[in-house]
Amino acid sequence: MQVNILYRSSQTMAQCWLEAGESMTAESGAMMGMSTNVAMTTQSGGIGKAISRMFAGESFFRNTFTAQGGKGEVLLTTPLCGDMVVLECGRTQWMVQNSAYVGSSHGVDVQTQGSLKGLFSGAGLFGLATLGQGQCVVGSFGAIEPLAVSGEMVIDTGHLVAWESHLQYKVTKATTGWIDSWLSGEGLVCQFSGQGYVYVQTRSTSEYGAAIGALLPPRQA
Amino acid sequence: MPRDGVAEFVSECTPQLCSSVRAFADPIQKTGLHEDLSTWQCKCIGRFVVEDGDRGRAEPRQFCRREQVNELVEDAFDASPGLGSWRGPGVPLADGRSGNLADAHVERRGQGERCPLRNASDHRAANEKKAYECAEEQRELEEGAPRALARREAVRFRCLRHPALLPFRNTSALTPCSSEFILPHHIIKHQPVFALLEVQLAPNEVVVAEAGAMVARASHVAMAVKLNAPAHAGFFGKLRAFVIALVRKLFAGETFFVNHFSSPQGGWVWLAPALSGAVKHIVLQGNTMLFSAGAFLAFSGDITMRPRFGGCRSLLAKEGAFFLETSGTGELWITSYGAIEELQCNGSYVVDNGHLVGFDASLNFTIKAPGGGLVGLLGSGEGLVCEFQGQGRIFIQTRNVSALVEWLTPLLPS
């Protein structure tokens with residue numbers, strides 16, 4: 001699969017080119033267009049897996065696209081304005097924030113991983129871990145910036161998109177005290193250590209929602 | 001070979017001196033590049049500002065065009081062959097000078113293949129070439145894989161962080177980490193929709209940011225939550241600040257507290273506003289500016305902020321009853337919903353109140369109904385407008401939050 005990322009960084013789309021017979025998986029609803037020789041099948045990949053995906057904030061079903069009788073093209077987008085990047089999986093594997101997943105090539109298995117740490121990390125209780133060889137496309141709200149972790153670094157939980165899975169991280173208070181952390185507006189942050197890359201998004205859906213939501217009239221029952 | 005670090009020169013530097021290019025140009029004429037050349041040069045190149053959104057009109061208070069900056073930098077290089085001493089560990093050139101100017105170029109060509117620069121025009125050509133290569137590399141990086149990114153990292157850092165290249169760069173892939181090269185004080189990326197502000201902190205420099213604005217920071221940079229009070233304020237000053245913070249929270253739509261970022265050895269912090277919009281860098285040199293609620297993102301330097309009641313007229317304006325009055329000396333970063341346009345008011349100018357971000361305190365303003373009378377107020381769809389009188393800058397945003405809210409509200413399910 002070859003992926004071209006176009007119209008960065010606010011109106012991004014991913015153009016995925018499939019070889020004949022090659023297939024790929026995408027988040028349900030992510031497909032914007034495809035060539036006619038691409039067949040789409042909807043799979044849950046097993047009830048257990050599907051349910052765990054639901055817990056991870058993803059859809060129950062994922063779509064599989066297969067190019068038949070020649071090369072095919074699939075165009076993918078995200079629901080919100082934002083950016084996309086392609087993660088190369090293989091020697092490096094990635095942890096992906098659960099709502100960031102857009103699609104992946106055939107060789108990549110994207111598994112739901114639950115952890116208590118994940119609950120606080122902004123990746124939700126369940127994060128996604130890539131496995132296998134190929135590409136994984138992730139999307140964001142806001143632009144995506146790569147951050148080279150070298151030593152230690154603190155990242156706001158709401159701005160995480162993906163990180164190399166060999167990086168260690170712990171979820172900590174933003175400042176020394178609990179009250180200060182709450183007042184600072186940052187709440188919990190992730191402290192990363194090791195050598196590798198973290199992708200951050202320049203906006204946070206929850207902060208945006210809180211800012212706009214405060215201005216909306218209360219919902220009538 | 002003596003080498004000045006990032007720390008030394010940035011701390012010596014005053015914001016007024018270097019953050020506007022006009023200020024940058026002046027010392028060249030005044031000091032004539034003879035006295036304490038290395039320190040001076042560091043100051044200027046280290047602190048001038050690269051902003052994506054700058055279209056750089058040539059008005060006196062604006063930052064000047066990137067090409068102009070570039071010329072200044074090049075002139076400075078040309079005028080002083082011995083500049084290598086402060087620009088990191090030099091690569092010896094063919095003619096015996098130490099010339100970091102060529103580093104990036106040399107490294108790209110691989111070891112052992114060096115590029116001798118003999119005169120000013122060679123410098124210029126090499127610079128242009130590097131800039132082109134950097135742009136190419138940047139394009140590759142954007143489309144490329146993280147692995148490839150890592151592979152090119154060493155070259156990229158040298159290349160993009162080279163002070164001589166800063167004027168060429170618009171959106172850089174500058175990633176914070178320790179570097180022997182001099183870093184710019186701040187960079188704003190992804191303008192104007194999803195702007196991200198990256199600030200380099202000098203040792204013990206304090207950057208004050210709106211609560212919740214932090215995206216990432218070096219882990220040795222301490223974050224302290226504080227009331228937005230002047231540092232020298234006593235108890236009553238703090239009490240006053242508390243009341244002001246309360247008022248700000250209630251009326252100005254801003255958060256109660258601010259975060260102070262600082263570190264004894266310097267560091268970096270990334271900041272972003274909550275809404276989709278731009279970030280604009282503003283230098284205060286003793287002047288006063290007023291900003292609408294929510295426009296504040298961060299500041300550094302000796303700046304005081306207080307709410308100013310705009311009077312009954314501002315109650316009518318949708319921007320709320322309070323403006324943030326900022327005064328002092330330092331740097332300020334403001335944010336908007338939408339892109340920020342800077343207007344020069346010569347005499348008078350009319351701005352829709354929902355689009356107002358900020359203005360110079362030298363301007364007087366009155367709230368008016370456009371078109372005059374009740375019909376104009378109700379029929380034009382413009383609501384109220386602010387009419388400014390005098391000489392000064394006005395900042396407006398190209399989108400309006402209340403318009404978004406008005407559009408969104410009827411669409412929500414009940």
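Protein chains get the first letters and strands the later ones, always in sequence-line order, with residue 1 at the start of each.
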Visitor: What closest approach, in Å, do B/Phe194 and A/Ser10 show between heavy atoms, and which atom pair accounts for it?
Guide: CE1-CB, 3.5 Å

Visitor: Identify which part of B/Leu275 has an atom lying under 4.5 Å from any heavy atom of chain A, answering side chain, backbone, both or neither.
Guide: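 For B/Leu275, the contact with chain A is made by backbone and side chain together.
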
Visitor: Distance from B/Trp270 atom CH2 to A/Glu145 atom CD, nearest 0.5 Å?
Guide: 4.5 Å

Visitor: Got B/Met223 and A/Val189 here, is their nearest side-chain heavy-atom distance under 4.5 Å?
Guide: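 Side chain of B/Met223 against side chain of A/Val189, heavy atoms only: no contact under 4.5 Å found.
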
Visitor: Taking side chain as everything from C-beta outward and backbone as N, CA, C, O, which of these in B/Val405 sits under 4.5 Å from a heavy atom of chain A? Side chain, backbone, both or neither.
Guide: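 Both parts, heavy atoms under 4.5 Å.
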
Visitor: Is A/Glu152 close to chain B through its backbone or its side chain, or both, or neither, when contacts mean heavy atoms under 4.5 Å?
Guide: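 Looking at A/Glu152, backbone and side chain both touch chain B.
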
Visitor: If I measure from the heavy atoms of chain B, does A/Gln135 come under 4.5 Å with its side chain, its backbone, both, or neither?
Guide: neither

Visitor: Name the option with the most non-hydrogen atom pairs under 4.5 Å to chain A; the candidates are B/Val215, B/Val193, B/Asn259.
Guide: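 The option with the most such pairs is B/Val215.
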
Visitor: Between chain A and each of B/Ala222, B/Ala216, B/Ala213, count heavy-atom pairs under 4.5 Å; write down the option with the most.
Guide: B/Ala216

Visitor: Closer than 3.5 angstrom, by distance alone: can the side chain of A/Arg203 be matched with the main-chain N or O of B/Ala272 as a donor-acceptor pair?
Guide: no

Visitor: Please look at B/Ala195 and chain A and tell me whether the side chain, the backbone, both or neither of the residue comes under 4.5 angstrom of a heavy atom of that chain.
Guide: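 When you check distances to chain A, atoms from both the backbone and side chain of B/Ala195 fall under 4.5 Å.
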
Visitor: Rounded to the nearest 0.5 Å, how far apart are NZ of B/Lys189 and OG1 of A/Thr202?
Guide: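 One finds 10.5 Å between NZ of B/Lys189 and OG1 of A/Thr202.
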
Visitor: Report the option among B/Ala218, B/Ser276, B/Ala224 that has the most heavy-atom pairs separated by less than 4.5 Å from atoms of chain A.
Guide: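 The answer is B/Ser276.
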
Visitor: How far does CZ of A/Phe192 sit from OG of B/Ser219, to the nearest 0.5 angstrom?
Guide: 12.5 Å

Visitor: Got a second to check how far A/Gln201's CD is from B/His190's NE2, nearest 0.5 Å?
Guide: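 Between atom CD of A/Gln201 and atom NE2 of B/His190 there are 11.5 Å.
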
Visitor: Among the options B/Leu404, B/Val221, B/Val225, pick out the one with the most heavy-atom pairs lying under 4.5 Å from chain A.
Guide: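 Of the options given, most contacts go to B/Val225.
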
